[in-house]
Amino acid sequence: MTEQDFIPKPYSKTIEKGSVTWESPSNIALVKYWGKKESQIPANPSVSFTLNDCKTTTTLSFSKKKSEDAFSFDVYLDGEKKDGFKPKIETFFKRIEQYVPFVKGYHFKIETSNTFPHSSGIASSASGMSALALCLTSIERGLTGDVDDKYFTQKASFLARLGSGSACRSLEGDLVVWGQHHEIKESSDLFGVKYPFEVHEKFKNYQDTILLVDKGEKQVSSTVGHNLMHNHPFAQERFKQAHINLSALIKVFKEGDLDEFINIVESEALTLHAMMMTSMPYFILMKPNTLEIINKIWVFRQETGSKICFTLDAGANVHVLYPQRECEQVGEFIKNELVAHCQNGQYICDQIGFGAKEIV
Ligand code: DP6
């Protein structure tokens, strides 16, 4: 598939107005996307767990307007008008206009809500952009008539990527790959694909408890962050490493080797932060409590033989990953030892999920 394949033929139908609703989850990367080229093309392949409970629901209402000279939309979060969100969506519309040319012909009302608190430090861009992309693709399906499900998902993921890279991994469950990788022939830089190989039952219902260490605004926006990889002294090695780690994970997923899973996932998280610490300008996004949590996880693992591990996003919050069969034991450990390091004791329990769905 190329970008050209996502430019639609002239629409065969007209619709005056209507509304669609999609619910889309967040995701947590195991091999991280960090660094991109022009047009939201990732510098390396990544793979993520789709989450189940952290999600965004978006209703997109649309009505035909007379002129097609500018984008026209209003955004609401939890029923409250949010003009502050408009520039990001305007940029998104500009990027996708050639692929969904109907966007200039309608006025849109975008009503969105998240299951997680907006100020929790959990990025809503993956779930938010994928929900919006799915709504737009649904509307387009109405204008073109029959579209097969595979193309529908690819196109929605393609559009979501143009809103936020990691959003293209938020449509399907439960493991999604984005970015070309030589062992995964269906993988693409343009959209996410469902992980196509065998996954051991040990990964079934894998748990992710998100410890909210710092709920403040992001210190480094993702755009600034990805740009730090341009001319980064270690960039090329890092991109190579992501390919190697994804290859290694294919074996891990098949065989259920949780020790190797831990090695790869924790190393990926720390490498992401190492990239930020060694770029110019440089940043430390972990907080003292992030390190306290990591150390306690390591001690707990050493002492109990648990398969608990952690991963990080581009921030201070910690995602604690563990197999479902350890729910009780790890749950107790989190409550007794780790919650003390969370801001206001806040954390979110989640697990691997099955992807986005349309609400009808
Ligand atoms: C650290 O997808 O937020 O979470 O494409 O600029 O919107 P943009 O970036 P974004 O980057 C996410 C980076 C990450 C790792 C990952 O999810 O793979």
Side-chain angles (χ1 to χ4, degrees), residues 25-33 46-55 116 120-123 126 166 169-170 173-177 195 199-213 242 245-246 248-273 286 289-335 337-339 341-342 346-354:
S26 186
N27 70 77
I28 179 68
L30 305 170
V31 172
K32 307 288 181 184
Y33 149 56
S46 56
V47 63
S48 52
F49 276 153
T50 306
L51 297 181
N52 195 54
D53 299 321
C54 289
K55 54 194 179 199
F116 46 90
S120 63
I122 297 185
S166 56
R169 296 188 314 238
S170 265
D174 34 6
L175 270 171
V176 177
V177 177
Y195 178 74
V199 179
H200 197 278
E201 51 93 19
K202 282 184 190 167
F203 293 102
K204 206 171 162 231
N205 296 332
Y206 223 73
Q207 304 290 304
D208 179 5
T209 299
I210 309 161
L211 305 178
L212 305 177
V213 170
N245 281 344
L246 185 45
L249 272 185
I250 293 174
K251 189 161 180 279
V252 164
F253 287 139
K254 181 161 186 259
E255 293 172 359
D257 182 347
L258 293 183
D259 292 322
E260 193 53 18
F261 177 76
I262 291 169
N263 289 338
I264 296 166
V265 167
E266 291 190 347
S267 163
E268 274 288 322
L270 295 178
T271 300
L272 169 69
H273 282 253
M286 289 190 232
N289 277 326
T290 312
L291 289 174
E292 291 287 346
I293 291 168
I294 291 174
N295 277 312
K296 283 193 176 175
I297 288 175
W298 284 345
V299 170
F300 181 76
R301 198 160 72 213
Q302 185 86 39
E303 285 176 352
T304 63
S306 162
K307 303 299 181 196
I308 187 174
C309 71
F310 71 86
T311 187
L312 307 165
D313 267 340
N317 295 338
V318 182
H319 288 249
V320 184
L321 304 177
Y322 49 99
Q324 189 186 29
R325 65 178 153 79
E326 291 190 22
C327 261
E328 210 171 307
Q329 182 199 15
V330 173
E332 281 298 300
F333 164 64
I334 290 174
K335 261 188 262 153
E337 301 273 345
L338 303 185
V339 167
H341 302 291
C342 298
Q346 262 192 294
Y347 64 104
I348 297 171
C349 293
D350 209 338
Q351 58 177 313
I352 282 199
F354 302 101

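Scope of the values below: all heavy atoms of this structure, side chains included, with no hydrogens, waters or symmetry mates. What you see is a predicted model, and the numbers here were worked out from it, not measured in a lab.
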- Heavy-atom pair with the smallest gap, counting every atom of Cys309 and Phe261: SG-CE2, 4.2 Å

- Hits for ring-ring contact (aromatic ring centres under 6.0 Å, His included) against Tyr195, two or more places apart or cross-chain, chain-then-number order -> Phe197, Phe253

- Write down the atom of Ala269, the atom of Thr311, and the distance for their closest heavy-atom approach. CB-OG1, 3.6 Å

- Task: Provide the closest heavy-atom pair for His273 versus Asp313 in the form atom of the first, atom of the second, distance.
- Result: NE2-O, 2.8 Å

- Message: Could you work out, with ring-ring contact (aromatic ring centres under 6.0 Å, His included) as the rule, every residue matching Tyr322, not counting sequence neighbours?
- Response: none

- Query: Taking C-beta and beyond as the side chain, do Leu211 and Ile334 meet within less than 4.5 Å on heavy atoms?
  - Reply: yes

- Item | Distance-only donor-acceptor check, side chains Glu292 and Asn289, under 3.5 Å | no

- For Lys204 and Glu201, what are the C-alpha separation, side-chain angles and deciding distance, and is it a salt bridge (Lys or Arg N to Asp or Glu O under 4.0 Å)? CA-CA 5 Å; Lys204 206 171 162 231; Glu201 51 93 19; over 6 Å; no

- Message: I'd like to know if the side chain of Glu268 reaches the main chain of Lys32, judged simply by a donor and an acceptor atom lying under 3.5 Å from each other, with no hydrogens or angles considered.
- Response: yes

- About how many Å separate CD of Glu266 and OG1 of Thr271, when rounded to the nearest 0.5 Å? 11.5 Å

- Message: Within this structure, what is the CD-SG distance for the pair Gln207 and Cys327, rounded to the nearest 0.5 Å?
- Response: 3.5 Å

- Starting from the C-alpha separation in whole Å, work towards a yes-or-no answer on side-chain contact (heavy atoms from CB on, under 4.5 Å) for Val320 and Val318. CA-CA 6 Å; Val320 184; Val318 182; 4.2 Å; yes

- Short question: side chain of Asp350, backbone of Asp208 - any donor-acceptor pair under 3.5 Å? no

- Message: Working to the nearest 0.5 angstrom, can you tell me the gap between Phe49 CZ and Asp174 CG?
- Response: 8.0 Å

- Just checking, is any N or O donor in the side chain of Arg169 or Thr50 under 3.5 Å from an acceptor N or O on the other one? no

- Non-hydrogen side-chain atoms of Lys251 and Asp257 separated by less than 4.5 Å: no

- Item | Over all atoms of both residues, closest heavy-atom pair of Ser306 and Val330 | OG-CG2, 3.9 Å

- Message: Contact between Cys54 and Ile348 at the side-chain level, heavy atoms closer than 4.5 Å - yes or no?
- Response: yes

- Item | Spacing of CE belonging to Met286 relative to CG belonging to Asn317, to within rounding of 0.5 Å | 12.5 Å

- Minimum side-chain heavy-atom gap Val47-Val176 below 4.5 Å: no

- Task: Might you point out which heavy atoms bring Ser166 and Asn27 nearest each other, and give the distance in Å?
- Result: O-ND2, 3.0 Å

- Message: Counting C-beta onward and ignoring hydrogens, is there a side-chain heavy-atom pair between Leu321 and Phe310 closer than 4.5 Å?
- Response: no

- Message: Ignoring hydrogens, what is the shortest heavy-atom contact between Ser170 and Ser26? Give both atom names and the distance.
- Response: OG-C, 3.7 Å

- Message: Using 0.5 Å steps for rounding, measure from the CD1 atom of Ile352 to the CG atom of Leu51.
- Response: 8.5 Å

- Query: Residues in ring-ring contact (aromatic ring centres under 6.0 Å, His included) with Tyr347, at least two apart?
  - Reply: none

- Item | Short side-chain to backbone donor-acceptor contact, Lys296 and Glu337, under 3.5 Å | yes

- Quick one: pull up CD in Glu303 and CH2 in Trp298 and give me the separation to the nearest 0.5 Å. 15.0 Å

- Task: Keeping the roles fixed (side chain from Lys307, backbone from Leu258), state whether a donor-acceptor pair exists under 3.5 Å.
- Result: no

- Task: Take Val213 and His341, measure what side-chain contact (heavy atoms from CB on, under 4.5 Å) needs, and give me the verdict at the end.
- Result: CA-CA 7 Å; Val213 170; His341 302 291; 5.6 Å; no

- Message: I'd like to know if the side chain of Glu260 and the backbone of Val252 have a donor-acceptor N/O pair within less than 3.5 Å.
- Response: no

- Message: I'd like to check Leu175 versus Leu30 (side-chain heavy atoms, cut-off strictly below 4.5 Å). Are they in contact?
- Response: yes

